[in-house]
Amino acid sequence: MTEMIRKYTSEIGDDDDGKQVLLYGWIHEVRDLGGVAFALLRDREGIIQITCPKKRSPEIIKKLRKVRRESVVKVIGEVKKEPKAPGGFEVLPDEFEVLNEADAPLPLDVVEKVPAELDTRLDARFLDLRKPRVQAIFRVRHQMIQSARAFLSEEGFIEVQTPKIVSTATEGGTELFPISYFEREAFLNQSPQLYKQVLMGAGLEKVFEIGPIFRAEEHNTVRHLNEAISIDIEQSFTDHEGVMKVLERLVSRVYSDVVENCEKYLDWIEVELEVPEIPFQRITYDEAIEIIKRKGEEIVWGDDFSTPALKTLSEEVDGHYFIVDWPTEIKPFYAMPYENEPEISKTFDLMAGSLELASGAQRVHIYDLLVRKIGEKGLNPDSFEFYLSAFRYGMPPHAGWGLGADRLLMSILKLKNIREAVIFPRDRNRLTP
RNA sequence: GCCCGGGUGGUGUAGUCCGGCCUAACAUGGGGGCCUGUCGAGCCCUCGCCUCGGGUUCAAAUCCCGGCCCGGGCGCCA
């Protein structure tokens with residue numbers, strides 16, 4: 001037999017009518033009507049019907065009606081344009097081979113006649129991901145990451161990888177996961193922040209990193225994970241406004257690439273996307289406080305926004321927006337205060353509704369100020385030696401941000417739970433799969 | 001971590017308030033059978049379940065206490 005080239009189900013069209021094709025995939029469903037049997041073969045790109053009348057092949061129909069759902073099969077057959085078939089084409093099999101029979105019953109229903117809870121789905125994630133709707137999320141995620149990487153590269157940012165095993169807390173504040181590093185204690189890094197800044201001192205000028213961050217907080221919400229992916233940039237010779245422009249253009253680029261290249265997957269997820277208009281609205285922290293107060297929510301200047309406060313705010317401000325000029329007190333030590341008004345800082349958060357997507361700032365690049373601010377936060381400058389030394393020998397002014405990739409995807413696809421946006425999520429209770 | 005609500009076949013639900021009528025119901029699924037155009041196929045037969053530990057009681061899926069886990073809200077954050 002001549003060597004055949006495997007086709008995806010989605011590639012079958014008018015040109016194949018009457019021709020032989022080779023397909024690989026999973027048995028989605030079988031409907032056995034006695035004299036004819038229908039099977040749905042699913043691969044990662046779609047589903048096609050395999051139709052086998054008894055008289056065409058008594059051997060194949062026998063195998064077909066016995067095969068359990070989700071078994072892996074190889075099919076060689078003739079394509080027939082058929083209006084009665086779902087998708088308009090069907091394949092009449094000449095060869096039907098079960099490559100690997102699936103066990104039964106399945107831990108969850110891939111066809112989704114019966115829903116499954118997220119927890120059940122995550123326990124059997126490999127099966128959950130066979131659902132086109134679920135797999136589509138990760139096809140969009142792939143596009144999102146590709147777009148972010150392409151955009152930043154085109155903008156002159158150099159991609160770097162910084163260590164995830166570190167000796168001290170990077171920023172204080174958040175809890176870290178301790179790990180054992182030979183005879184010493186070490187931690188999983190909560191953020192590439194300090195390393196990005198050191199690289200500004202190294203003269204790279206524009207860097208980005210897409211990588212994991214680890215937070216040992218015991219939060220248990222639909223928008224927090226203990227292991228997340230962060231898209232981080234740092235840029236020299238610019239200020240917070242400069243990097244906000246990069247950020248909004250990146251978000252816009254991701255949306256337009258997804259709209260352009262992921263139509264099929266958006267369709268599977270049943271999401272309609274509109275590319276957000278840039279520039280995004282900037283509202284100051286003070287304005288946000290006023291809006292929240294006006295709506296009757298209890299808040300005083302200097303507070304961080306509570307979840308209900310952010311929900312209130314998002315009722316007043318549409319879509320994506322920046323909250324800028326935060327009180328210096330509630331931002332990390334590396335955030336640059338305004339010269340003429342040091343109680344507020346050159347900081348911003350990017351919001352999508354009430355969800356915080358990113359946060360950034362112009363950084364403190366003055367050694368003495370930085371040392372002082374570390375002390376003011378109750379941290380010990382001695383444990384930041386590797387970081388601080390980079391500020392003593394020609395550190396340029398710089399700014400940057402960190403964008404939560406999982407949250408961005410969650411917001412693009414309007415997912416209810418961030419765990420849906422992560423292929424194998426890690427939360428307070430979940431350490432497997 | 002805190003508050004509230006939950007945990008029943010492989011999956012998703014009903015039953016729990018008011019203990020005994022539960023030998024636990026329904027859908028989907030698994031096994032077997034019938035059927036030549038299904039597309040949530042249909043029909044017949046069949047299989048399979050009370051989260052764990054302790055307590056109350058003649059009697060616990062049902063009431064009480066604790067653990068573990070889940071959902072919603074919050075804190076904290078990206």
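We name chains A, B, ... by the order of the sequence lines, and we start the count at 1 in each one. Since the model is a prediction, treat every value here as computed from it, not as a measurement.
- Regarding Ile323(A), its CD1 atom lies at a distance of 14 Å from the C1' atom of C77(B), rounded to whole Å.
- Taking atom P in both C43(B) and C3(B), the straight-line distance is 50 Å, to the nearest Å.
- Using a 4.0 Å cut-off between charged side-chain N and carboxylate O, Asp32(A) and Lys54(A) make no salt bridge.
- Neither OP1 nor OP2 of C68(B) sits under 4.0 Å from any side-chain N or O of Asn429(A).
- For the pair Arg428(A) and G1(B), the criterion of a side-chain N or O lying under 4.0 Å from OP1 or OP2 is met.
- For C65(B) and G5(B), the P atoms lie 12 Å apart once the distance is rounded to whole Å.
- A ring-centre distance under 6.0 Å is found for His320(A) and Tyr255(A).
- Between the side chain of His224(A) and the base of C77(B), a donor-acceptor pair under 3.5 Å is found.
- In this entry the distance linking CG of Asn417(A) with C1' of G72(B) reads 11 Å, nearest Å.
- Nucleic acid contact class of Val222(A) (heavy atoms, under 4.0 Å, all strands): sugar-phosphate only.
- In this structure, Arg121(A) places its CZ atom 13 Å from C1' of G12(B), rounding to the nearest Å.
- Distances shown here put a side-chain N or O of Thr120(A) below 4.0 Å from the OP1 or OP2 atom of G12(B).
- Rounded to a whole Å, the CG atom of Leu310(A) is 12 Å from the C1' atom of C76(B).
- Annotation: cation-pi geometry satisfied between Lys206(A) and Phe157(A) (NZ/CZ under 6.0 angstrom from ring centroid, within 45° of ring axis).
- Between the CG atom of Asp303(A) and the P atom of C77(B) there is a distance of 12 Å, given to the nearest Å.
- Here Ser191(A) does not reach the OP1 or OP2 of A78(B): none of its side-chain N or O atoms lies under 4.0 Å away.
- Between Lys245(A) and Glu155(A), none of the side-chain N atoms (NZ, or NE/NH1/NH2) sits under 4.0 Å from a carboxylate O, so this pair counts as no salt bridge.
- Taking atom C1' on both A78(B) and A25(B), the two are 46 Å apart, rounded to the nearest angstrom.
- As a whole-Å value, the separation of Arg215(A) CZ from C77(B) C1' is 7 Å.
- Contact annotation for Asn220(A): base contact, defined as any heavy-atom pair under 4.0 Å involving a base atom.
- Aromatic ring centroids of Phe384(A) and Phe333(A) lie under 6.0 Å apart.
- If you check every strand for non-hydrogen atoms under 4.0 Å, Ser306(A) touches sugar and phosphate atoms only.
- For C64(B) and C18(B), the P atoms lie 9 Å apart once the distance is rounded to whole Å.
- Of the nucleotides present, C74(B) is the one that pairs with G1(B) by Watson-Crick or G-U wobble criteria, both distances under 3.5 Å.
- Base pairing of U56(B) is not made with any nucleotide, judged by Watson-Crick or G-U wobble geometry with both donor-acceptor distances under 3.5 Å.
- Of the listed residues (Leu357(A), Leu355(A), Asn417(A), Val422(A)), just one forms a side chain to side chain contact (heavy atoms under 4.5 Å, CB included) with Met410(A), and that residue is Leu355(A).
- One C1' atom belongs to U8(B), the other to U13(B), and the distance between them is 9 Å to the nearest Å.
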| request: Classify every nucleotide of nucleotides 27-39 of chain B by which part a protein heavy atom approaches to under 4.0 Å, writing B for the base, S for the sugar-phosphate alone and - for neither, in 5'-to-3' order. | output: -SSSS-S-BBBBB
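- Atom-to-atom, CG of Asn226(A) to P of A78(B) comes out at 14 Å; the value is rounded to the nearest Å.
- Applying the side chain to side chain donor-acceptor pair (under 3.5 Å) test to Thr307(A) and every residue at least two apart in sequence or in another chain returns Arg223(A).
- Remark: Glu420(A) engages Arg121(A) in a salt bridge, criterion side-chain N to carboxylate O under 4.0 Å.
- Separation of the C1' atoms belonging to U23(B) and U28(B) is 24 Å when rounded to the nearest angstrom.
- Comparing the same atom, P, in G66(B) and in C4(B) gives a spacing of 12 Å after rounding to whole Å.
- Taking the C1' atoms as reference points, G20(B) lies 7 Å from A59(B), given to the whole Å.
- Taking the six-membered ring where the residue is Trp, the centroids of Phe305(A) and Tyr285(A) are separated by under 6.0 Å.
- Pairing partner, A27(B): U11(B), with both Watson-Crick or wobble hydrogen-bond distances short of 3.5 Å.
- Mapping Glu356(A) and Thr307(A) onto RNA chain B by nearest heavy atom places Thr307(A) closer to the 5' end of the strand.
- Rounded to whole angstrom, the span from the CG atom of Leu350(A) across to the P atom of C77(B) amounts to 18 Å.
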